[in-house]
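Take a look at the structure below.
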Amino acid sequence: MFRSLGFRGGIHPPKYKNPTADSPIEVLPPPAKVIIPVLQHTGPCASILVKRGDRVRLGQLIAEPSSPDSAAVHSSVSGVVLSVANFPHPLGAHVLAAEIENDGQDLAVETAGIDTPWKEAAPQEIVRKIFSCGVVGMGGTGVPAQVNLLPPANNPVDTVIVDCTGCEPFAVADLRLVKEHTDEILTGALIVRKILGAKRAIVVADSSAADVASSLSDACKDEKFHDLSVALVRPKYPQSDEKILVRTLTKREIPSGGTPADAGCAVHNAATILAIARSVLSGTPLYQRTLTAGGPCVSTPKNLLVRLGTPVRNVLEFCGTDLQRTKKVVMGGPMRGSAQAELDAPVLKTTYGVFAFDTLVPGVRNYNCIGCGRCTRACPMRLSPAYLMRFTDKNNVIDAQHWGVADCIECGSCAYVCPAKINLVHFMKLGKYRVKNAAASRAAPGAAA
Ligand code: SF4
Ligand code: SF4
């Protein structure tokens, strides 16, 4: 086991994990109706295959990947398709989705793992199975799993990192997964290492989560997992970000605009690794996920196994949420998640938490910057958020780009420490958007050289 490792910058927000840390994962009863969007991943939308009136089974493919960087979408219930139309999406837009009435019977499609034992199978065969099961990055990124499992030939991966830190406040579901499904997660780590031909696989836990770390190190004493390593990182946010994990564990830097593969690494979180293992071993499509439901307005916070497409309202009501007192509902984590305008928004493959708060989102800029420099000290990417804010505010794209706005990982550490209560993440997102747009305009046919 590694000694406990850390990184420069970052913050120590209260963890708020106690209410659910010892709560086993419970099954949320499937809802009467699910709304399953064709976009639950980065990359292009999946292409819908069903229409109004179709009968579908649990786990049936209802939208196929439209490109190699898209992801398959499966039904999370058996029943009848009520409509295929645009529905509210957790990211704010309206997105094409299948609305399916649950017949309550859970009539499932037959599934099977890959034909060959995974240790003997060709990497392409294993990746095809994962692709067909619609696995994406479940820690919030939504990157289709196959994208990170087939890196370019000129970027060989020698290190697989499995993130079991669950570093966001309130979010406990991944930690429960590690404790309750340790063997499957470690098997997933070996499968990913085999696919990538990597020399080593490191499973990372937070040094303050002693029970998780000991579950992992005890399991690794078993001969079948003996060549996996367990590393401990010091409790600090955002230690689970892939750029931070790669730097902390390997001392390598992911280049600006690059991916972990550019540093010879692949990073997956525990939930993704579990979904990969289940797709390969039993052909189970990704139609449900675990999440933590909590926050100040939730009377009985829980870790739940939830069918994808379940309205967030069902999750909150199941946990006794005081919706009268609730002023803000966040899907994802409180630091990086997105506030919801509608309680009908569905749980997606990327939803690792649902939280209800009794305070509103602060304004974009409550007071003027006082130049204290706290944001710079907190930034784990070594950026100068106050400068980047000013450049973005003045639409100075050239300086925003030069000072590295594109490297911002949107962790929110700067905004958390800012005494002027400036929503710096808003400016970082806007700056990144403008830099990307400017690059696209320059690259457009007919653009001035
Ligand atoms: S500038 Fe970006 S990376 Fe740095 S602390 Fe702020 S949100 Fe995090
Ligand atoms: S922390 Fe806030 S007030 Fe201090 S320099 Fe950064 S933006 Fe300005």
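Atoms within each ligand, like the ligands themselves, are counted from 1 in listed order. Values reported hereafter were calculated over all heavy atoms of this structure, with side chains retained and with hydrogens, waters and symmetry mates removed.
Residue-ligand proximity, Gly412 to ligand 1, at heavy-atom distances under 4.0 Å covers atoms 7 (S), 8 (Fe). Short contacts between ligand 1 and Pro385, defined as distances under 4.0 Å to a heavy atom of the residue, involve ligand atoms 1 (S). The contact set between ligand 2 and Pro419, taken as ligand atoms under 4.0 Å from a residue heavy atom, comprises 1 (S). Residue Glu410 has at least one heavy-atom neighbour below 4.0 Å for each of these atoms of ligand 1: 2 (Fe), 7 (S).
Put simply, the side chain of Thr250 never gets that close to the backbone of Arg247: no donor and acceptor are under 3.5 Å apart. No side-chain donor-acceptor contact under 3.5 Å links Thr310 to the backbone of Val347.
Salt-bridge check for Arg252 with Asp158: passed, with a basic side-chain N closer than 4.0 Å to an acidic carboxylate O. The pair Asp358-Arg325 counts as a salt bridge, with a side-chain nitrogen and a carboxylate oxygen less than 4.0 angstrom apart.
The closest side-chain heavy-atom distance from Pro88 to His94 is below 4.5 Å. Annotation: side chain of Ile409 is in contact with side chain of Ile244 (closest heavy-atom distance under 4.5 Å). The side-chain heavy atoms of Met335 and Pro169, taken from C-beta on, include a pair separated by under 4.5 Å. A heavy-atom distance below 4.5 Å is found between the side chains of Trp118 and Lys194.
The shell of residues lying under 4.0 angstrom from ligand 1, judged by heavy atoms, includes Ile409. Heavy atoms of Gly371 approach ligand 2 to within less than 4.0 angstrom. Remark: distances from the non-hydrogen atoms of Ala378 to ligand 1 are all 4.0 Å or more.
Metal site remark for atom 8 (Fe) of ligand 2: Cys372 contributes no N, O or S atom at a distance under 2.8 Å.
Looking only at protein heavy atoms, the nearest one to atom 8 (Fe) of ligand 2 is Cys369 SG, 2.3 Å. Atom 2 (Fe) of ligand 2 has as its closest protein heavy atom Cys418 SG, 2.4 Å. Ranking the protein heavy atoms by distance from atom 3 (S) of ligand 2 puts Ile370 N, 3.4 Å first. For atom 4 (Fe) of ligand 1, the closest heavy atom belonging to the protein is Cys379 SG, 2.4 Å. Nearest to atom 6 (Fe) of ligand 2 among the protein's heavy atoms is Cys375 SG, 2.3 Å.
Side-chain atoms of Thr165 and Asp206 include no donor-acceptor pair closer than 3.5 Å.
Within the 4.0 Å heavy-atom criterion, both parts of Cys414, backbone and side chain, lie near ligand 1.
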